[in-house]
Amino acid sequence: MPELPEVEVIIRHLHKKLVNRTIKGIKVFYEPIVQNIARFNQMLNQTFLDVQRKGKYLLFFLSDDWALVGHLRMEGKLYLKPQKDCLKTGKHEYFRLLLDNDMVLQYYDFRKFGRFLLFKKDRYLEESKLERLALDPFLINAKTFYERLQKTRVVIKKVLLNQQIISGIGNIYANEILFAARLHPETKATYLNFAQTQLILTKAQFILKESIVLGGTTISTFDALGQTGSFQNKLLVHGKDKQNCVVCQNKIEKRKIGGRGSYFCSHCQPMITKKD
DNA sequence: TTTTAGACCTGTTTGC
DNA sequence: TGCAAACAGGTCTAAA
């Protein structure tokens, strides 16, 4: 599922292909994805001025001061193809934008979880609630992150998935980051000292950066040439339950933490049971 | 104010 | 082999 690296890869690609392109046609096949078709249609004849990422959100800034805020959630995928290659509506295709160069931006999402909402630029942060979103591991201040950790009663795994504390990390990378930092996912966040907090950020930056270089973990295709991420080959614990730990050869365990499948090595990631 | 649980979804996996 | 139930997971909302 798209987390920070996958969204970053998509954004970099779309930025090259969309900026200065004008939307000449809009088709919505499943209204809940855009929530309000009439509003979504306001994008007609608007030009893409910029494409950015904030956490796992995609931001498209358009002329006439519109901002399209998108989130791919679990399975959302964007494809950019020549119009002649997408004459038929695809299964699970929920909207498409026809561009002035006869390319089509298609949105597919078989779980229908993704959302693409249009706001006026001066109010989009407030109305989309993006103002609540924390900074991502590349931008967040270590001291701010540490102070936030000291204020919560939940375990570190849940903290890493809380987008209001730190953004961009999803379940896959949370598992990998905690393994890299040798921290048990059920360690209470308040038990971590400043050095351990810094280590989480350092490992997060390293892992996310490497994944971006490798094109992410989600298999995504954005244009006719296609692009496939390969970070899935670098995963050390996620999805590896009952397999041997690459460090100590003990079995990787799987446990539900906060409703999410969590993978860890209890030998390499010992539980911290009291404050340092 | 913080935390938790349920809802939203459907393809895939598992169990009978 | 075929069917049904469980599972996967990011975010939002309501309830505790």
Side-chain angles (χ1 to χ4, degrees), chain A residues 1-8 10-11 28-36 53-59 68-78 90-95 107-117 119 124-137 147-178 185-191 204 208 211 216-220 229 231-232 235 237-243 252-264:
Chain A
M1 60 294 316
E3 301 182 28
L4 186 154
E6 291 75 37
V7 176
E8 180 67 25
I10 292 167
I11 288 295
V28 176
F29 310 112
Y30 183 74
E31 183 159 356
I33 297 284
V34 304
Q35 283 195 355
N36 183 328
R53 176 187 63 76
K54 186 172 170 64
K56 301 176 203 170
Y57 288 83
L58 302 97
L59 305 178
L68 178 66
V69 177
H71 198 299
L72 305 170
R73 297 283 182 95
M74 307 298 297
E75 301 289 343
K77 288 181 172 64
L78 288 163
K91 191 183 180 188
H92 304 308
E93 180 187 358
Y94 295 128
F95 72 77
Y107 180 69
Y108 281 77
D109 186 350
F110 73 79
R111 284 188 186 166
K112 299 178 175 174
F113 268 14
R115 292 291 178 266
F116 282 78
L117 310 183
F119 302 96
Y124 84 95
L125 280 173
E126 179 190 346
E127 292 184 0
S128 68
K129 295 170 184 166
L130 271 182
E131 62 185 3
R132 297 185 197 169
L133 196 70
L135 294 173
D136 66 39
E147 286 169 355
R148 190 64 185 83
L149 259 55
Q150 297 307 306
K151 287 179 188 167
T152 181
R153 284 172 292 180
V154 302
V155 301
I156 187 61
K157 174 70 189 291
K158 290 171 82 170
V159 167
L160 293 184
L161 296 178
N162 186 335
Q163 305 299 302
Q164 292 175 38
I165 296 177
I166 187 165
S167 68
I169 299 171
N171 196 40
I172 295 172
Y173 292 104
N175 288 330
E176 294 298 317
I177 290 164
L178 289 174
E186 290 180 303
T187 299
K188 285 189 178 178
T190 46
Y191 291 171
L208 297 174
S211 182
T217 302
T218 308
I219 295 168
S220 306
F231 191 76
Q232 60 273 21
L235 299 176
V237 287
H238 185 85
K240 310 281 187 189
D241 53 316
K242 296 177 189 159
Q243 294 183 35
I252 301 291
E253 294 174 37
K254 182 186 181 185
R255 195 177 296 172
K256 270 212 170 185
I257 301 171
R260 302 284 177 263
S262 299
Y263 302 85
F264 59 96

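By convention in this document, chain letters (A, B, ...) are assigned in the order of the sequence lines, proteins followed by strands, and residues within each chain are numbered from 1.
Put simply, NZ on A:Lys254 is 11 Å from C1' on B:dT13, counting in whole angstrom units. Atom C1' of nucleotide B:dT3 and atom CD1 of A:Ile165 are separated by 11 Å, given to the nearest angstrom. To the nearest angstrom, C1' of B:dT2 lies 13 Å from NZ of A:Lys151. Look at CG on A:Leu160: it is 16 Å from C1' on C:dG9, rounded to the nearest Å. Rounded to a whole Å, the CD atom of A:Glu6 is 14 Å from the C1' atom of C:dG9. Between the CG atom of A:Asn162 and the C1' atom of B:dT2 there is a distance of 10 Å, rounded to whole Å. When rounded to the nearest whole Å, the span between NE2 of A:His92 and C1' of B:dC9 equals 11 Å. Residue A:Asn175 contributes atom CG, which lies 12 Å from atom C1' of C:dG9 at whole-angstrom precision.
Between the side chain of A:Gln163 and the main chain of A:Gly55, no donor-acceptor pair closer than 3.5 Å is present. Although no hydrogens or angles enter the test, the distance criterion places no donor-acceptor pair under 3.5 Å between the side chain of A:Glu253 and the main chain of A:Asp241.
If A:Arg111 and A:Thr152 are placed on DNA chain B by their nearest nucleotide, the residue sitting closer to the 5' end is A:Thr152.
Scanning all heavy atoms of the two residues, the minimum distance from A:Leu161 to A:Arg260 falls at CD1-CG, 3.7 Å.
None of A:Arg73, A:His92, A:Glu75 except one satisfies the side chain to side chain contact (heavy atoms under 4.5 Å, CB included) rule with A:Arg111; the exception is A:Glu75. Tested against A:Tyr107 for a ring-ring contact (aromatic ring centres under 6.0 Å, His included), the candidates A:Tyr30, A:Phe113, A:Phe116 yield a single pass: A:Phe116.
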Donor-acceptor list for residues 127-135 of chain A side chains, cut-off 3.5 Å, not counting sequence neighbours:
| residue | atom | partner | partner atom | Å |
| --- | --- | --- | --- | --- |
| A:Glu127 | OE2 | A:Arg123 | NE | 2.8 |
| A:Ser128 | OG | A:Tyr124 | O | 2.5 |
| A:Ser128 | OG | A:Leu130 | N | 3.3 |

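Using a 4.0 Å heavy-atom distance criterion, A:Lys157 is classed as making no nucleic acid contact. Using a 4.0 Å heavy-atom cutoff across all strands shown, A:Gly261 reaches sugar-phosphate atoms only and no base atom. Residue contacts for A:Tyr30: at a heavy-atom cut-off of 4.0 Å it reaches the sugar-phosphate backbone alone, with no base atom in range.
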Practice task
Do nucleotides 10-16 of chain C as a string where each nucleotide becomes B, S or -: B if the base has a protein heavy atom under 4.0 Å, S if just the sugar-phosphate does, - if no protein is that close.
Solution key: BBSS---
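With sequence neighbours excluded, the residues that form a side chain to side chain donor-acceptor pair (under 3.5 Å) with A:Glu147 are A:Lys143. Listed by chain and number, the residues in a ring pair (Phe, Tyr, Trp, His ring centres under 6.0 Å) with A:Phe231 are A:Tyr173 (sequence neighbours excluded). Under the ring pair (Phe, Tyr, Trp, His ring centres under 6.0 Å) criterion, A:Tyr191 pairs with no residue, sequence neighbours left out.
Proximity note for A:His238 (side chain, C-beta onward) versus B:dC9, C:dG9, C:dA8: the nearest is C:dG9.
The side chain of A:Lys256 places no N or O atom within less than 4.0 Å of a non-bridging phosphate oxygen (OP1 or OP2) of C:dG9.
Between its opening and closing five pairs, the helix from B:dT2-C:dA16 to B:dC16-C:dG2 changes axis direction by 60°, a value rounded to 10 degrees.
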